[in-house]
Amino acid sequence: MAEQNKQTVTFIIERQDGPDSKPYTQEFEIPYRPALNVVASLMEIQKNPVTKDGKKVAPVVWECNCLEKVCGACMMVINGRARQACCALIDELEQPIHLAPARTFPVIRDLLIDRSVMFESLKRIQGWVEIDGTWEVKDAPIQNPYTAQTAYEISHCMTCGCCLEACPNVGPQSDFIGPAPTVQAYLFNLHPLGKFDKEKRLNTLMEKGGITSCGNSQNCVQACPKNIKLTTYLAQVNRDVNKQALKNIFNK
Amino acid sequence: MAKAKYKIVVVGGGLSGLMATLKICEAGSDVDLFSYCPVKRSHSLCAQGGINACMDTKGEHDSIYEHFDDTVYGGDFLADQVAVKGMCEAAPKLIKMFDRMGVPFTRTAEGVLDLRNFGGQKNKRTCFAGSTTGQQLLYALDEQVRKWEVKGNVKKYEFWEFIKVIKNKEGVCRGIVAQSMNSMEIKAFRADTVIIATGGPGQVFGRCTASTICNGSAVSAVYQQGAHIGNPEFIQIHPTAIPGSDKNRLMSEACRGEGGRIWVYKDGKPWYFLEEMYPAYGNLVPRDVASRAIYDVCMNQHLGINGENRVYLDLSHIPADYLERKLGGILEMYSEFVGKDPRKVPMEIYPSVHYSMGGIWVDRLHHTNIPGLMASGECDYQYHGANRLGANSLLSAAYSGTISGPEAINWAATGDRGSEITDEELEAARQACVDQFESILKMDGPENVHRLHHELGDVMNKYVTIERVNQDLDYCLEELKKILKRWNDIGVTDRGHWANQEAMFVRQLRNMILYAMVVTKAARMRDESRGAHFKREFPTRNDERFMKTTIVDYNTETEEPMVSYIEFDHSLVKPRPRNYAVAKKE
Ligand SMILES: Cc1cc2nc3c(=O)[nH]c(=O)nc-3n(C[C@H](O)[C@H](O)[C@H](O)COP(=O)(O)OP(=O)(O)OC[C@H]3O[C@@H](n4cnc5c(N)ncnc54)[C@H](O)[C@@H]3O)c2cc1C
Ligand code: SF4
Ligand code: SF4
Ligand code: FES
């Protein structure tokens, strides 16, 4: 973006002191560097927590760990879009850059949010393979390498919540668990041992907050930073759930 | 008969902490699990390349002995050989366990686990899940631990920081103090045994390949409470990282394993210097050897790209579809963070601080010298000696958890634990941490904590990485003392009691500075070159004087480290010179 001032980068950050406080915005300006990203910029603000108009303030609070787009921690809304901050390159963003917390989740402070609901959903869908124990049992089953590749793709989900933030049907108005945990159920149903609990998982997804809450609006798949084909697998889950529902009727 | 139920505190939910947690739950006991972040976001998920285990499915007659010998040889004969042997023997069983848990390992056409090459080994021995092996292994354990959480055996304290351990009158560890990172509440927790599994100390060097939470603060805290630190001077420098201001992002060794070549221009032509210097292993020499060669080519021969400290790591000669299948994620990362396509143009890389072989000293059952306190994972000093082979630390992290978990129960049941800790003792320990935190909130000097951390990283990177010189190390120690003094002059801008990350970082930084002194002092005292520790004045290994484990203890009066040496078990293979110019001889 040639017309932009390359010497500095301007941020407008939506801040909030606590879960029940009112949000407010502050503007910051930091020196430009090639390959700068949003997390590196926030680190720069930590080193000099002064707003553009010279006010000394508390440094901005946010969450990050890996800085490699793999831990999922640093999700926030950047210029209106939910994404990972550590790989949001300044060179590719329109300025001033707007940062805000992902308000689908409760805000703890500033850009720091509480995503525990996602981990709770993983409990609900029984997101694990039921093994007898960590001890030696016997050789693990051979797996079809193509199925394993699909599993590999879905297993990249880093519980970042971009897809939940993007989904119109996730929020206070509904109890939809959202695309990520629903598709994780599909992952465990693919595994040769995980499959044994497929019916349980499908029955869970039939309940309130399950797959029927998905309106098939496709926002999630576009938001996923891991390029997981969410809508493809959601459709698959939907078919499996319908089949299971029929089966449940006949088995009554 | 019902099994006795104990309460074990596990600090850290990476591979090691989660593995220990599973073992404890399976034995019928309860775990309080502490972590900076949801355990699913722990640093273990950054590991890309793979995990070593002798599966021998490639017709190469790989053997457990060979894995053992490669590890000991690669570690330049400083690892406890009996401990290494145990790890290599267990490795194939661990892989089968992970496979049953659902780790989507990369498979061959017939559906069994594929294996790849890695540095320092001639046989294919590295199991992998595409280019996100650590992520996949961590998720499998995270899922299993979630199952135990639902059953009620595990209580997670995520977004809690470990501050210190609590000892009873007899000096036995009986609990910990921790702080909620949101409410800032400081609490004392009782435990029958405590396991520290807090990972590596990369942030002591500022820029490194590790996550921002790998700060070594917990290790430093128990060091200040009397735990021995073993072999801290051995810091692995990874030869291939993308230099960055916020982080040096790792380019996995798998790039070299899959045929990547390292070169620079010399006299106008590509010079594949590793292949020329080390014909037997070529680009697959171990990390310390590769890092030093790159350092030499840039710093001494001034042949870095455009005169900068960078060399090429080239994959562009390998077919694109093969690269996609084997290295997809890693290559995507390079494109994403650098903006260039490594399938078409060579990547630009330089060595970076990566892994700490040293850490809390433990015996073979992972007890520290403080009774009741155990350590496992990258925070302990076991298994890798002077240098770790690639893909051996996911293994050691998981394996050490299979030892520390059951042993924590054993200690709780049969250990000499002395008197029960009283409520007053717990409260006193808690109050001391509250007082410390309150005084941090009042600090109003001129120093900014993050800038001071940056300076710490600069000093450590400059003097205590690839090439070490005694005079520089002496200077570095003096600089560190000054930084420790300046810590008192920090001013905090945030004085609140809600999600105050700045004040917590102030506490962490002091621990990091003290640990930096541990690393530097141990490096200063070891007058030889071995594995990752290379000293210019003493370029060769000196078994007579230094085939010993370094032990560093904290001097509470001076706050300075005290270095001594102890013997270790090297009874299984006789030391021989480590030379990667020729194929390894047994
Ligand atoms: C970029 C990169 C790539 C790697 N690739 C490979 C590879 O391919 N193969 C391989 O074998 N190894 C690899 N490694 C090394 C390997 O990933 C680590 O050594 C290993 O994962 C460490 O596991 P751990 O369980 O000991 O610790 P970690 O996974 O680091 O977990 C530490 C845990 O402790 C918690 N914690 C830390 N301090 C505190 C505190 N004070 N209070 C509360 N909680 C705390 C953290 O929240 C976290 O849960 C790589 C390392 C890096 C940096
Ligand atoms: S497809 Fe379903 S899950 Fe995805 S955004 Fe639309 S409603 Fe949400
Ligand atoms: S599915 Fe994609 S967007 Fe949703 S949580 Fe997982 S990684 Fe994030
Ligand atoms: S910090 Fe881990 S995804 Fe951004």
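A, B, ... follow the sequence lines: proteins, then strands. Residue 1 opens every chain.
Between chain B and the options A:I142, A:L67, A:V57, the largest number of non-hydrogen pairs under 4.5 Å is found for A:L67. Of the listed residues (A:D139, A:N144, A:T150), the one with the most heavy-atom contacts under 4.5 Å to chain B is A:D139. Ranked by non-hydrogen atom pairs under 4.5 Å with chain B, the options A:A35, A:C64, A:P59 are led by A:P59. Among the candidates A:C86, A:P141, A:P34, A:S116, the residue making the largest number of heavy-atom pairs closer than 4.5 Å to chain B is A:C86. By number of non-hydrogen pairs under 4.5 angstrom with chain A, the leading residue of B:F105, B:F159, B:Y36 is B:F159. Your options are B:Q144, B:M19, B:M101, B:Q136, and the one with the most heavy-atom pairs under 4.5 Å with chain A is B:Q136.
Interface remark: A:V39 contributes no atoms to any contact with chain B (heavy atom separation under 4.5 Å). Heavy atoms closer than 4.5 Å to chain A are found nowhere in B:M181, neither backbone nor side chain. The part of A:V60 that comes within reach of chain B is its backbone (N, CA, C, O), which places non-hydrogen atoms under 4.5 angstrom from that chain. Residue B:H453 does not touch chain A at all, counting heavy-atom pairs closer than 4.5 Å. Of the two parts of B:F505, neither the backbone nor the side chain holds a non-hydrogen atom closer than 4.5 Å to a non-hydrogen atom of chain A. Only the side chain of A:L112 comes within contact range of chain B, judged by heavy atoms closer than 4.5 Å. Looking at A:P49, only its side chain comes within 4.5 Å of chain B, counting heavy atoms on both sides. Proximity to chain A is limited to the side chain of B:L22, based on heavy atoms less than 4.5 angstrom apart. Neither the backbone nor the side chain of B:S42 comes within less than 4.5 Å of any heavy atom of chain A. With a threshold of 4.5 angstrom between heavy atoms, B:K96 approaches chain A through its backbone and through its side chain. Proximity to chain A (any heavy atom under 4.5 Å) is restricted, for B:Q48, to the side chain, taken from C-beta onward. B:E149 touches chain A through its side chain: at least one heavy atom from C-beta onward sits under 4.5 Å away, while N, CA, C and O do not. Proximity to chain A (any heavy atom under 4.5 Å) is shown, for B:T106, by neither the backbone nor the side chain. With a 4.5 angstrom heavy-atom cutoff, A:L89 touches chain B only via side-chain atoms. With a 4.5 Å cut-off on non-hydrogen atoms, B:E336 touches chain A through its backbone and its side chain both.
Put simply, the side chain of A:F119 does not reach to within 4.5 Å of the side chain of B:K156, judged on heavy atoms. By the 4.5 Å heavy-atom criterion applied to side chains, B:K147 and A:Q126 are not counted as neighbours. The closest side-chain heavy-atom distance from A:N48 to B:R451 is below 4.5 Å. Between A:Q46 and B:E502 there is no side-chain heavy-atom pair separated by less than 4.5 Å. Between B:M97 and A:E136 the shortest side-chain heavy-atom distance does not fall below 4.5 Å. Under the 4.5 Å side-chain criterion, counting only non-hydrogen atoms from C-beta, A:W128 is in contact with B:V150.
For the atom pair CZ of A:R109 and CG of B:N182, the computed distance is 10.5 Å after rounding to the nearest 0.5 Å. The line from CD1 of B:I213 to SG of A:C71 is 7.5 Å long, rounded to the nearest 0.5 Å. Note: B:W498 CH2 to A:I108 CD1 = 6.5 Å, rounded to the nearest 0.5 Å. Note that the OG1 atom of A:T159 and the CG atom of B:D142 stand 7.5 Å from one another [nearest 0.5 Å]. Put simply, CG on A:N65 and SG on B:C214 are 8.5 Å apart, with the number rounded to the nearest 0.5 Å. From A:E68, atom CD reaches atom CZ of B:R249 across 7.0 Å, with rounding to the nearest 0.5 Å.
More than 12 heavy atoms of other residues, nucleotides or ligands lie within 6.0 Å of NZ in A:K123, so this atom counts as buried by the packing criterion.
Side-chain contact, A:N37 with B:D246: a donor N or O sits under 3.5 Å from an acceptor N or O. B:T493 and A:K56 are not linked by any side-chain donor-acceptor pair at a separation below 3.5 angstrom, with hydrogens and angles left out of the test.
In this structure, the side chain of B:R146 does not engage the main chain of A:L122 through any donor-acceptor pair within 3.5 Å. With hydrogens and angles disregarded, a donor-acceptor distance shorter than 3.5 Å links the side chain of B:E26 to the backbone of A:T134. When atom types are taken as modelled, the side chain of B:D99 and the backbone of A:A140 share no donor-acceptor pair closer than 3.5 angstrom. Put simply, the side chain of B:R100 never gets that close to the backbone of A:V129: no donor and acceptor are under 3.5 Å apart.
Between B:E332 and A:K69 there is a salt bridge, since a side-chain N of the basic residue sits under 4.0 Å from a carboxylate O of the acidic one.
Partners of A:A180 by side chain to side chain contact (heavy atoms under 4.5 Å, CB included), not counting sequence neighbours, listed by chain and number: A:M118, A:C157, A:C163, A:L164. Remark: A:R81 engages no residue in a side-chain hydrogen bond (donor to acceptor under 3.5 Å, both in side chains) (not counting sequence neighbours).
Closest approach of B:Y139 and A:V70 over heavy atoms only: OH-O, 3.9 Å. Closest of all the heavy-atom pairs between B:E143 and A:G127 is CG-O, 3.1 Å. Annotation for A:P145 and B:A109: closest pair CG-O, 3.6 Å, computed over non-hydrogen atoms.
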> Passes side-chain contact (heavy atoms from CB on, under 4.5 Å), A:C66 versus B:H43? Steps please.
Replying inline: CA-CA 7 Å; A:C66 71; B:H43 168 67; over 6 Å; no
>> Does A:Q143 form a side-chain contact (heavy atoms from CB on, under 4.5 Å) with B:R107? I'd like the steps, not just the answer.
In response: CA-CA 8 Å; A:Q143 289 184 38; B:R107 289 169 188 276; 3.1 Å; yes
> Given B:T132 and A:Y152, is the side chain to side chain donor-acceptor pair (under 3.5 Å) satisfied, shown in steps?
Replying inline: CA-CA 9 Å; B:T132 61; A:Y152 180 64; 2.9 Å; yes
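The contact list for residues 181-194 of chain A toward chain B, using heavy atoms and a distance under 4.5 Å, reads A:F188, A:H191, A:L193 by residue number.
Listed by first then second residue, pairs satisfying salt bridge (Lys or Arg N to Asp or Glu O under 4.0 Å) with a partner in residues 57-67 of chain A read A:E63-A:R115, A:E63-B:R41, not counting sequence neighbours.
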